[in-house]
Participant: 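Input: one structure, supplied below.
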Amino acid sequence: MLRLADGVVPQPDLVVRFGDLPTSKPLRRWLAELPVDVPQVHVRDDASWQDPDGALSDVVVAAPRMLLEALAPRLAHGGPDPDWLASWQALDVAAVAAQDRLLDAGSEATEPWLARELTALLPPSSTLLVAASMPIRDVEAFMAPREQVRILANRGANGIDGTIATAWGLSLARDPGDGPVVVLLGDVALQHDVGSLLAAGRAGVDLTVVVVDNDGGGIFHFLPIAEGRAPEIERHVMTPTGLDVAAIVAAAGGTLHAVGDRADLLPAVRAAVTEPGLSVLHLRTDRTANRELHRQLEQAVRDALAG
Ligand SMILES: Cc1ncc(C[n+]2csc(CCOP(=O)(O)OP(=O)(O)O)c2C)c(N)n1
């Protein structure tokens, strides 16, 4: 919503930030684009200035809890403004409803649909590792808030390499009682880390790999160079992988679950997270149609926010 909410969401008088730099790019951009007369203060317990966008007006070096406890009684205010939160919530509800209407109207297992459904279907105590590129963007945009699932992504290192190795490590590092580990990634990310998949299969690691196979880097369709694209762009930027996922899974000794349509997802997830060893869900999508669907979703949200 924040990415599409130009001038619609209520503007703050003051931003007080705790903790690390926000991971969400739309949130960071929104903060960076607030008018300069909205002070933005970062409270942290060391003096480092984490502000790549130049949005901060001040850094307060203090233990956040102690600072808040000392400040709260001294704030002269008339209590929270109920309209502020309510207007944010109303916009959020409208944006999500608009997205959901469009996703529900379709019948294909698309990438945004998968992000929404997979995150809803995961059993309690699951860990979902989300790869760079469209998976992390789609999970941020389409996942409904829920509890009992841990969502992780490699931060700082935005590489698509090593994603399966990370998931493997997460699986091995589980404590008793922790749920399954699932990794959501594209076919190029899979190609970059096929070695880890083979090794994970050989080592008998319990892992569910969900491959969104749009035969290349779907994210690059969101770049201006994708318009009217030349064969060279298709070959050298989109980089179709042509992966034979079934053969790779067979070589890794894993179990393949082809997700051909929407109805296949639930039984595939159920089977994958309960069977031992390596399971791979394979969903084929179309990069060009995916770009168009995102355009429609963005327009639906813009219309809902404007209305
Ligand atoms: C190690 C590494 N090489 C190259 C890139 C540049 N890069 C970013 S996204 C991407 C394509 C990813 O394709 P895929 O994993 O299939 O996901 P999709 O874009 O289809 O969602 C590439 C090559 C990168 N981030 N990391």
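These values consider heavy atoms only, across backbone and side chains, with no hydrogens, waters or symmetry-generated copies. Predicted model, so just to flag it, every value in this text is computed and none were measured. For ligands, and for the atoms within them, numbers begin at 1 and follow the listed sequence. When a residue number appears, it is its place in the shown sequence, counting from 1.
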Participant: Provide, to 0.1 Å, the distance between atom 15 (O) of ligand 1 and the closest protein heavy atom, together with that atom's residue and name.
Facilitator: Ala189 N, 3.0 Å

Participant: Strictly below 4.0 Å, N to O, side chains only: are Arg116 and Asp100 in salt-bridge contact?
Facilitator: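 A salt bridge links Arg116 with Asp100.
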
Participant: Starting from Leu256, can I reach Val211 by hopping between I/L/V/M/F/W/Y residues whose side chains sit under 4.5 Å apart?
Facilitator: yes

Participant: Between Glu234 and Arg287, is there a salt bridge with N-O shorter than 4.0 Å?
Facilitator: yes

Participant: Are any non-hydrogen protein atoms located under 4.0 Å from atom 24 (C) of ligand 1?
Facilitator: yes

Participant: Heavy atom to atom 1 (C) of ligand 1, shortest distance: which of Asp161, Leu190, Ile219 holds it?
Facilitator: Asp161

Participant: Look only at the side chain of Asp138 and the backbone of Ala115, and say whether a donor-acceptor pair between them is shorter than 3.5 Å.
Facilitator: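 No.
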
Participant: To check your reading of the model: name the closest protein heavy atom to atom 26 (N) of ligand 1, its residue, and the distance in Å.
Facilitator: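 I find the closest protein heavy atom is Ile160 N, 3.0 Å.
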
Participant: Pick, from His192, Arg137, His221, Gln191, the option with the minimum heavy-atom distance to atom 3 (N) of ligand 1.
Facilitator: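 When every heavy atom of His192, Arg137, His221, Gln191 is considered, His192 comes closest to atom 3 (N) of ligand 1.
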
Participant: Under the 3.5 angstrom rule, does the side chain of Asp261 hit a backbone N or O of Ala263 as a donor-acceptor pair?
Facilitator: yes

Participant: Using only heavy-atom distances, determine whether the side chains of Asn154 and Thr166 contain a donor-acceptor pair under 3.5 Å.
Facilitator: yes

Participant: Is it possible for you to say whether Leu121 and Val139 belong to one hydrophobic cluster, with membership spreading through side-chain heavy-atom contacts below 4.5 Å?
Facilitator: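 They do share one cluster, since a chain of ILVMFWY contacts under 4.5 Å joins Leu121 to Val139.
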
Participant: Examine Gly216 against ligand 1 and note whether any of their N/O atoms are separated by less than 3.5 Å.
Facilitator: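 So ligand 1 has an N or O lying under 3.5 Å from an N or O of Gly216.
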
Participant: Could you check which of Thr241, Val211, Val188 puts a non-hydrogen atom nearest to atom 14 (P) of ligand 1?
Facilitator: Val188

Participant: Where on Asn214 is there a heavy atom closer than 4.0 Å to ligand 1, on the side chain, on the backbone, on both, or on neither?
Facilitator: side chain

Participant: Could you tell me whether Asp51 and Arg28 make a salt bridge, using a distance below 4.0 angstrom between a side-chain N and a carboxylate O?
Facilitator: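 The answer is no: the pair does not qualify as a salt bridge.
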
Participant: Taking 4.0 angstrom as the limit and counting only heavy atoms of Gly218, give me the atoms of ligand 1 inside it, by number and element.
Facilitator: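 By the 4.0 Å cutoff, the relevant atoms are 18 (P), 19 (O), 20 (O).
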
Participant: How close does the nearest protein non-hydrogen atom get to atom 7 (N) of ligand 1, and which residue and atom is it?
Facilitator: Phe220 CZ, 3.8 Å

Participant: Would you say Gly217 has any N or O atom under 3.5 Å from an N or O of ligand 1, going by distance alone?
Facilitator: no

Participant: Are Asp46 and Arg44 within salt-bridge range, i.e. N to O under 4.0 Å?
Facilitator: yes

Participant: Using non-hydrogen atoms of the residue, decide whether Pro135 is closer than 4.0 angstrom to ligand 1.
Facilitator: yes

Participant: I need the atoms of ligand 1 closer than 4.0 Å to a non-hydrogen atom of Met134, numbered in the order shown.
Facilitator: 21 (O)

Participant: Within the structure, is a non-hydrogen atom of Ala131 found at a distance of less than 4.0 Å from ligand 1?
Facilitator: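 No heavy atom of Ala131 comes that close to ligand 1.
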
Participant: When you check the gap from the basic side-chain N to the acidic O, do Glu298 and Arg295 get nearer than 4.0 Å?
Facilitator: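 Here Glu298 does not pair with Arg295 in a salt bridge, since their nearest N and O are not under 4.0 Å apart.
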
Participant: Looking only at N/O atoms, are Ser133 and ligand 1 under 3.5 Å apart anywhere?
Facilitator: yes

